[in-house]
Student: 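Can you keep this structure in mind? I'll have questions shortly.
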Amino acid sequence: MPFNLLKKHIAKHITLSKEELAIYCASFYPKTLSKKEYLLKQGAICKFEGYVTKGCLRVFTLDKNGKEHVLYFAVEDWWVTDIDSFTNGTPSYLSIQALEDSEVLLIDKEGKELLYETLPSIEKLFRVMSQKAMVVLQQRTISNNSKTAEERYLDFIEKYPHIVQRLTNLQLASYLGITHEFLSKIRSKIISKKQ
């Protein structure tokens, strides 16, 4: 059941009574996505924060030349949104697309605000999650500015071995900011070093 994963996720950060947990879970609604289906398209207003219970989604943007830039991949037990669009009600710079058949639990802004009023401890939960997301973003920015493509690739497969097997070379190359041909060269070089 998708809410079991959400309950386990909450328990990592805060303690809620059974009643509070029921109120929290009731604020979410499930959404099923087929492979390649969009949860959000660039230019639309993001009206949700989503918790992934099954599958893999990519969060990306297209530049003015149509080149894709992947910000992150969201798999089970990850959150997905365009926080700028969600918070400010502005058109999204991001698209969110399912790379596999996926299931997401969504909460809208009104539901989240109501939770803050009803369950004050939920504000702590979202604050902790926001801080963790900022740490990851900061680490990624530093990595992109200070490490080679090979080092970034090795970091990714070490940190996210459960994700790398689910991605194509094109998707992973887009995340790393390189061409898929260059990624193939990096992989060949690593294999030859091991032999």
Side-chain angles (χ1 to χ4, degrees), residues 9 12-13 33 35-46 48-52 54-100 102 104 125-194:
H9 177 76
K12 292 180 202 171
H13 304 288
L33 299 163
K35 183 178 180 176
K36 296 187 178 181
E37 186 177 349
Y38 283 84
L39 182 60
L40 176 69
K41 284 194 175 181
Q42 191 169 339
I45 294 174
C46 182
F48 64 84
E49 286 188 11
Y51 177 75
V52 182
K54 178 186 171 191
C56 180
L57 297 97
R58 67 181 172 144
V59 179
F60 68 100
T61 189
L62 295 175
D63 64 23
K64 63 182 177 183
N65 299 318
K67 185 178 177 190
E68 180 184 296
H69 304 274
V70 175
L71 266 67
Y72 64 95
F73 301 100
V75 295
E76 296 84 2
D77 198 31
W78 283 46
W79 289 85
V80 64
T81 191
D82 178 331
I83 196 65
D84 180 13
S85 179
F86 179 75
T87 303
N88 299 314
T90 54
S92 179
Y93 288 104
L94 305 175
S95 291
I96 302 173
Q97 184 184 35
L99 298 178
E100 306 170 353
S102 301
V104 187
L125 170 69
F126 281 100
R127 178 178 48 81
V128 168
M129 291 187 318
S130 293
Q131 288 170 337
K132 288 184 176 189
M134 286 298 297
V135 167
V136 171
L137 178 61
Q138 179 177 303
Q139 289 172 343
R140 175 134 191 247
T141 302
I142 292 168
S143 176
N144 284 349
N145 290 329
S146 64
K147 293 185 177 181
T148 66
E150 182 177 337
E151 289 169 330
R152 294 195 312 271
Y153 169 72
L154 291 170
D155 284 351
F156 185 86
I157 62 173
E158 183 182 326
K159 269 186 186 172
Y160 309 114
H162 59 292
I163 298 178
V164 75
Q165 303 301 324
R166 299 162 81 169
L167 305 175
T168 66
N169 275 0
L170 278 172
Q171 292 160 352
L172 184 53
S174 177
Y175 174 84
L176 295 170
I178 59 177
T179 64
H180 71 281
E181 293 87 359
F182 190 53
L183 177 58
S184 295
K185 287 179 184 176
I186 290 171
R187 285 180 161 165
S188 297
K189 183 180 171 187
I190 292 167
I191 290 167
S192 67
K193 280 181 183 177
K194 290 180 179 178

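Predicted model only: the values in this text are computed from it and were never measured.
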Student: So, for S85 and T90, which heavy atoms are closest and what is the spacing to 0.1 Å?
Tutor: OG-O, 2.5 Å
Student: Give, for atom OG of S143 and atom NZ of K159, the distance between the pair rounded to the nearest 0.5 Å.
Tutor: 7.0 Å
Student: Check whether any side-chain N or O of Q42 sits under 3.5 Å from a backbone N or O of L62 as a donor-acceptor pair, and report yes or no.
Tutor: yes
Student: Could you tell me whether the side chain of V70 reaches within less than 4.5 Å of the side chain of V59, counting heavy atoms only?
Tutor: no
Student: Can you sort out the partners of K54 under side-chain hydrogen bond (donor to acceptor under 3.5 Å, both in side chains), two or more places apart, ordered by chain and number?
Tutor: none
Student: Output yes when a side-chain donor or acceptor of Q165 lies under 3.5 Å from a complementary backbone atom of H162, and no otherwise.
Tutor: no
Student: Working to the nearest 0.5 Å, report the span between CG of L167 and CZ of R58.
Tutor: 10.5 Å
Student: Below 4.5 Å, heavy atoms only, C-beta onward: do E150 and I190 meet side chain to side chain?
Tutor: yes
Student: With sequence neighbours excluded, what pairs up with E37 under the side-chain hydrogen bond (donor to acceptor under 3.5 Å, both in side chains) test?
Tutor: none
Student: Between S92 and G43, is there a donor-acceptor pair closer than 3.5 Å when you use the side chain of the first and the backbone of the second?
Tutor: no
Student: Excluding sequence neighbours, so at least two apart, what forms salt bridge (charged side-chain N to carboxylate O under 4.0 Å, His left out) with K64?
Tutor: none
Student: Using a cut-off of 6.0 Å, state whether more than 12 heavy atoms not belonging to E181 lie near its atom CD.
Tutor: yes
Student: Please list, chain by chain and in numerical order, all residues satisfying side-chain hydrogen bond (donor to acceptor under 3.5 Å, both in side chains) with Y153, sequence neighbours excluded.
Tutor: R187
Student: Quick one: CD on E49 to OH on Y51, what's the gap to the nearest 0.5 Å?
Tutor: 13.5 Å
Student: Quick one: OG on S95 to CG on L57, what's the gap to the nearest 0.5 Å?
Tutor: 12.0 Å
Student: Should we say atom OH of Y93 is surrounded by more than 12 heavy atoms from elsewhere, each under 6.0 Å from it?
Tutor: no
Student: Sequence neighbours excluded, which residues qualify as ring-ring contact (aromatic ring centres under 6.0 Å, His included) partners of H69?
Tutor: none
Student: Run the side-chain donor-acceptor check on residues 126-135: report pairs under 3.5 Å with partners two or more places apart or on a different chain.
Tutor:
from	atom 1	to	atom 2	distance (Å)
S130	OG	F126	O	2.9

Student: Ignoring hydrogens, what is the shortest heavy-atom contact between A74 and W79? Give both atom names and the distance.
Tutor: CB-O, 4.2 Å
Student: For the pair S102 (side chain) and A98 (backbone), establish whether a donor and an acceptor sit closer than 3.5 Å, ignoring hydrogens and angles.
Tutor: no
Student: Please confirm whether K185 makes a cation-pi placement over F182, using NZ or CZ under 6.0 Å from the six-membered ring centre and within 45° of the ring normal.
Tutor: no
Student: Is the distance from the ring center of Y72 to that of Y175 below 6.0 Å?
Tutor: no
Student: Let me confirm one number: the CG-SG distance from N88 to C46, rounded to the nearest 0.5 Å.
Tutor: 11.5 Å
Student: Do R152 and I178 have side-chain heavy atoms sitting under 4.5 Å apart?
Tutor: yes
Student: What are the two closest non-hydrogen atoms of D82 and I96, and how far apart are they?
Tutor: N-CD1, 4.5 Å
Student: State which residues pass side-chain hydrogen bond (donor to acceptor under 3.5 Å, both in side chains) with Q139; sequence neighbours excluded, sorted by chain then number.
Tutor: none
Student: Quick one: salt bridge (charged side-chain N to carboxylate O under 4.0 Å, His left out) partners of R140, sequence neighbours excluded?
Tutor: none
Student: Quick one: ring-ring contact (aromatic ring centres under 6.0 Å, His included) partners of Y160, sequence neighbours excluded?
Tutor: W78, F156
Student: Rounded at 0.5 Å granularity, tell me how far CD1 in I186 sits from CG in L154.
Tutor: 8.5 Å
Student: Answer whether the closest heavy-atom distance between the side chains of F60 and Q171 falls below 4.5 Å.
Tutor: no
Student: So, does S174 use its side chain to make a donor-acceptor pair with the main chain of E68 at under 3.5 Å?
Tutor: yes
Student: List in chain and number order the residues that pass salt bridge (charged side-chain N to carboxylate O under 4.0 Å, His left out) with K12, two or more places apart in sequence or in another chain; answer none if no residue qualifies.
Tutor: D77
Student: What are the two closest heavy atoms between N169 and L183, and how far apart are they?
Tutor: O-CD2, 3.5 Å
Student: Per the salt bridge (charged side-chain N to carboxylate O under 4.0 Å, His left out) rule, what does the pair list look like for residues 161-179, sequence neighbours excluded?
Tutor: E76-R166, E100-R166
Student: So which atom in L94 and which in T61 form the shortest heavy-atom distance, rounded to 0.1 Å?
Tutor: CD2-CB, 4.1 Å
Student: Output all residues satisfying salt bridge (charged side-chain N to carboxylate O under 4.0 Å, His left out) with D84, sequence neighbours left out; order by chain, then residue number.
Tutor: none
Student: Between F48 and V104, is any pair of side-chain heavy atoms under 4.5 Å apart?
Tutor: no
